[in-house]
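Notes follow the structure.
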2 protein chains.
Amino acid sequence: MNNDSTSRIVAGLREWIASAPPGARVPSNRALMAEYGASPVTVQKAMRALASLGLIESRPGVGTFVRSVRNARPVDYGWQTAALGSPHSRIPVLSSTQRSVAPDAIALHSGYPARELLPERLVRAGIARAARSDAAVSRSPATGSPELQAWFATELAATAPANVTPPANRDVLILPGSQSGLSSIFRALVGSGRPLLIESPTYWGAILAAAQAGVILAPVPAGPDGPDPDALARAFAQTGARGFYAQPTYANPTGAQWSTERGLAVLEIVREHGAFLIEDDWAHDLAIDTDPRPIAAHDDDGHVIYLRSLTKSVAPSLRVAALIARGPARDRILADRAAESMYVSGLLQAAALDVITQPGWRTHLRGLRHQLRTRRDLLIDSLRDHAPTAHIERRPVGGLNLWVRLPDDVDVERFARECEIRGVIVAPGAEWFPAEPSGPHIRLNYSGPDPERFPEAARVIGDVLRELG
Amino acid sequence: MNNDSTSRIVAGLREWIASAPPGARVPSNRALMAEYGASPVTVQKAMRALASLGLIESRPGVGTFVRSVRNARPVDYGWQTAALGSPHSRIPVLSSTQRSVAPDAIALHSGYPARELLPERLVRAGIARAARSDAAVSRSPATGSPELQAWFATELAATAPANVTPPANRDVLILPGSQSGLSSIFRALVGSGRPLLIESPTYWGAILAAAQAGVILAPVPAGPDGPDPDALARAFAQTGARGFYAQPTYANPTGAQWSTERGLAVLEIVREHGAFLIEDDWAHDLAIDTDPRPIAAHDDDGHVIYLRSLTKSVAPSLRVAALIARGPARDRILADRAAESMYVSGLLQAAALDVITQPGWRTHLRGLRHQLRTRRDLLIDSLRDHAPTAHIERRPVGGLNLWVRLPDDVDVERFARECEIRGVIVAPGAEWFPAEPSGPHIRLNYSGPDPERFPEAARVIGDVLRELG
């Protein structure tokens with residue numbers, strides 16, 4: 001009854017507002033009570049409903065008014081069409097991995113680990129300490145905090161053979177996330193209209209950054225233990241490319257790791273072609289079955305541009321990454337970074353350094369390894385049980401993701417939609433291919449959703465595969 | 001005595017190390033004690049000295065060894081010259097305003113306010129609260145935190161006339177500093193090889209970001225109350241530019257503010273030419289004699305791209321800025337931001353929002369206004385007293401800087417060097433000109449150094465001017 005009265009007042013006032021001038025005073029609650037024979041509570045409910053629709057606004061102590069913006073003329077941005085022209089590349093605004101979904105869905109699409117896999121206690125304590133430090137109120141140097149530069153240099157040096165000169169602290173540039181590093185590397189070292197070799201499949205964010213920079217991508221098959229050296233050499237020769245982007249350690253999406261021999265062979269080919277290897281060591285802290293072995297540790301001629309991020313292992317709020325580059329390449333990249341963002345928040349750098357230099361950090365990484373292994377194995381087992389036609393080409397040895405090949409006749413987009421209707425969100429694989437996909441794939445993140453729901457997710461995947469098959 | 005023994009062992013071992021193969025085992029402490037007739041403490045001191053020189057390293061339980069990196073071959077990065085080619089534009093790595101100088105120098109060159117002008121207590125408390133919030137461990141949406149978007153939208157709406165539709169929250173993009181915004185705007189809305197009108201003189205960071213984006217700058221004289229409308233219209237017609245970059249409020253370097261009438265006239269010309277006004281409201285919180293009056297508040301057709309930063313008024317560590325743009329332009333810029341950096345640290349956003357929504361923030365801004373006025377007036381008075389030939393064309397009505405015209409025959413670079421020798425650092429004006437400087441200028445930041453030293457600085461400036469005159 002009361003609800004009906006509310007609706008009646010809302011409808012009546014909407015009609016009145018539609019013809020009222022903006023800024024007009026809305027009849028008083030007392031007048032509305034009389035007009036509609038309604039209680040004060042009912043009238044107040046109606047007014048709240050109209051306010052939440054943005055149709056009225058109340059000025060305390062003055063009265064309630066028709067919102068002035070409501071009747072403003074409809075805006076036509078058509079003139080911008082001519083001013084903007086065509087974009088030089090069609091950059092998608094949002095990756096499918098970044099979509100927000102219903103809170104009760106099983107979100108296997110996102111690229112981020114669950115909160116319980118983060119060192120939350122260390123992160124909060126690190127930020128709190130940074131809040132009390134000088135970093136909270138001072139400006140960081142353009143290259144980053146010297147202590148954090150030194151930490152990244154030491155980490156890479158730790159795996160360097162005896163005959164290789166490890167990077168100096170000054171070779172390290174601190175970045176606000178590794179995506180910014182990719183953009184700068186592609187702009188500074190490759191440039192618009194020039195070719196870049198890239199693993200296929202590979203990280204969609206690298207493909208996106210290359211598109212933004214206007215770089216022409218030449219895909220090279222990723223291969224189970226790294227790219228085939230002969231194929232790589234041919235690609236260099238054919239394209240004239242001076243760079244090769246790859247994730248040799250726990251590649252996104254496959255979770256594969258190059259063997260050391262393959263890594264050295266690739267480095268040799270890169271050297272022979274006077275080129276750069278852009279080594280994106282995004283998952284250094286996300287090992288499961290092996291240990292990371294950066295190829296950059298084997299290079300002291302400046303052939304490897306090395307990127308390492310802390311965003312996924314420390315916290316998404318502490319967006320800090322490091323780029324290690326030597327020689328003129330380092331200077332070229334630094335100039336781009338300075339023009340792009342000048343410096344990285346010293347607060348984030350201080351908090352991140354605090355976390356990774358605590359004894360608890362190593363303990364956390366050991367626990368994380370165990371949890372990733374358990375989650376990975378549970379998702380693989382669940383798929384084997386409930387979705388036997390979803391083929392797992394390789395058990396990932398690190399990283400956050402499982403790369404799944406679907407039967408050849410499956411329409412991946414339709415498959416993803418059908419899964420979503422049943423509450424399971426998967427990422428269609430096409431985004432990981434610089435060109436046409438080599439087959440129907442999906443990527444499933446085992447580090448995000450509650451593992452107890454993996455069997456349920458696998459059942460949905462199996463059901464949809466059977467229906468579409 | 002003991003020190004002499006230590007030095008003798010160090011010298012002897014350095015000679016030995018110079019010819020030893022890398023990784024060679026250093027004679028045992030016992031052997032060295034015997035050889036040099038020294039005590040265990042003396043030998044240990046010598047070993048520590050050699051280790052701190054990076055010449056040896058000890059592996060606990062194994063022994064001490066000649067550091068393998070020491071003898072690595074000198075590296076030649078010459079191959080990179082061919083791989084990199086010429087840069088598409090000569091981007092300077094470091095602005096003169098970002099130079100580090102001797103701690104006892106009077107640093108009038110930097111672009112940042114002194115720490116005592118920051119709301120330090122609010123900033124530390126805001127970060128500490130953010131450390132305990134969800135923002136510390138979660139990922140921000142690509143467009144920014146909805147609360148912070150709403151705050152920036154409301155701030156701009158507060159000065160909008162009744163007949164203008166204020167921006168919606170979704171029109172606000174949160175950025176990691178306004179420099180990133182400039183880069184994205186120039187890439188997304190102008191593009192490489194295309195023209196952009198720009199005030200002259202103007203902020204060097206905008207000139208830098210334009211160079212990075214490959215944009216061709218067409219300077220328009222800034223004028224005392226804003227650019228001359230006829231000159232602006234001619235420049236649009238002659239260049240075919242679709243954008244005009246300006247700082248209408250407390251411009252860097254002059255501290256001038258456009259009159260409202262001039263601002264509306266400029267907006268009208270921008271509209272007539274189907275173009276964008278890129279309004280960089282960098283000093284919104286740095287008012288002295290007037291109040292800021294953003295031109296963006298008068299636009300609802302999407303002609304104004306509005307940038308506002310908190311870096312200089314809240315803290316350099318809380319690098320947060322907002323970009324307000326409507327229509328397809330907003331989407332084009334968002335796509336560039338997503339490719340460039342994906343999202344801004346939610347921690348920084350939460351801490352900044354905490355600061356600017358505290359009652360103490362308004363109190364702080366009032367105090368800041370008073371302090372900037374006192375500092376500005378003291379520097380102007382000091383220059384009048386001690387350097388009468390340094391001409392101050394206009395008393396800045398806001399911002400952090402004094403723009404000073406030197407006598408025509410002064411070599412500004414030499415002037416700056418002579419001042420630096422005497423402990424006063426000034427910024428030569430050439431960096432603020434998109435083309436040749438219109439005359440010899442320097443920029444002096446009255447918000448950075450201790451104001452008690454302003455008379456001393458002015459005396460040095462006066463002395464050097466007399467010597468060079």
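Here is the naming used below: chain letters follow the sequence lines, and residue numbers restart at 1 for every chain. What you see is a predicted model, and the numbers here were worked out from it, not measured in a lab.
- When every heavy atom of A/V123 is checked against every heavy atom of B/A136, the shortest pair comes out as CG1-O, 3.7 Å.
- Judged by distance alone, the side chain of A/Q80 and the main-chain N or O of B/R326 form a donor-acceptor pair under 3.5 Å.
- How far CD1 of A/I127 is from CG of B/L347: 4.5 Å, rounded to the nearest 0.5 Å.
- Options A/R337, A/H303, A/R194, A/R187 differ in how many heavy-atom pairs under 4.5 Å they form with chain B, and the most are formed by A/H303.
- Chain A forms the most heavy-atom pairs under 4.5 Å with one residue out of B/A329, B/A213, B/A209, B/A210, and that residue is B/A329.
- For a residue to count as touching a neighbouring chain, one of its non-hydrogen atoms must lie under 4.5 Å from one of that chain's; by this rule A/L189 touches chain B with backbone and side chain alike.
- Both the backbone and the side chain of A/V137 come within less than 4.5 Å of a heavy atom of chain B.
- The residue among A/L348, A/L118, A/V344 with the most heavy atom pairs within less than 4.5 Å of chain B is A/L348.
- When all heavy atoms of B/G274 and A/A83 are compared, the closest pair comes out as O-CB, 3.4 Å.
- Residues B/G205 and A/M342 share a closest heavy-atom pair of CA-CE, 4.2 Å.
- Using a 4.5 Å cut-off between heavy atoms, A/H273 does not touch chain B at all.
- Looking at every heavy atom in both residues, A/D134 comes nearest to B/R115 through OD1-NH1, 2.9 Å.
- Checked by atom type and distance alone, the side chain of B/W79 pairs as donor or acceptor with a backbone atom of A/D301 at under 3.5 Å.
- When all heavy atoms of B/S138 and A/P316 are compared, the pair lying nearest together is C-CG, 3.8 Å.
- Contact count versus chain B (heavy atoms, under 4.5 Å) is highest, among A/A188, A/A125, A/A350, A/P328, for A/P328.
- Without hydrogens or angle criteria, B/S345 side chain to A/S317 main chain gives a donor-acceptor distance under 3.5 Å.
- For the pair A/S180/B/E340, a side-chain contact is recorded, criterion being any heavy-atom separation below 4.5 Å from C-beta on.
- Only the side chain of A/T311 comes within less than 4.5 Å of a heavy atom of chain B; its backbone N, CA, C and O stay farther away.
- In this structure, B/R139 and A/S110 approach most closely via the heavy-atom pair NH2-OG, 4.1 Å.
- Looking at A/Q98 and B/P141, their side chains never come closer than 4.5 Å, going by heavy atoms from C-beta outward.
- One N or O on the side chain of B/Q179 and one on the backbone of A/A339 form a donor-acceptor pair closer than 3.5 Å.
- The pair B/E120-A/R132 fails the salt-bridge criterion, with no side-chain N (NZ, NE, NH1 or NH2) lying under 4.0 Å from an Asp/Glu carboxylate O.
- For the set B/G78, B/S133, B/A157, the entry with the most heavy-atom pairs within less than 4.5 Å of chain A is B/S133.
- Both the backbone and the side chain of A/A82 come within less than 4.5 Å of a heavy atom of chain B.
- Without hydrogens or angle criteria, A/R124 side chain to B/A131 main chain gives a donor-acceptor distance under 3.5 Å.
- Residue with the most contacts toward chain B among A/Q349, A/R332, A/R242: A/R332 (heavy-atom pairs, distance under 4.5 Å).
- Formation of a donor-acceptor pair under 3.5 Å by the A/R319 side chain with backbone atoms of B/S341 is found in this model.
- For A/L84, the parts lying under 4.5 angstrom from a heavy atom of chain B are both the backbone and the side chain.
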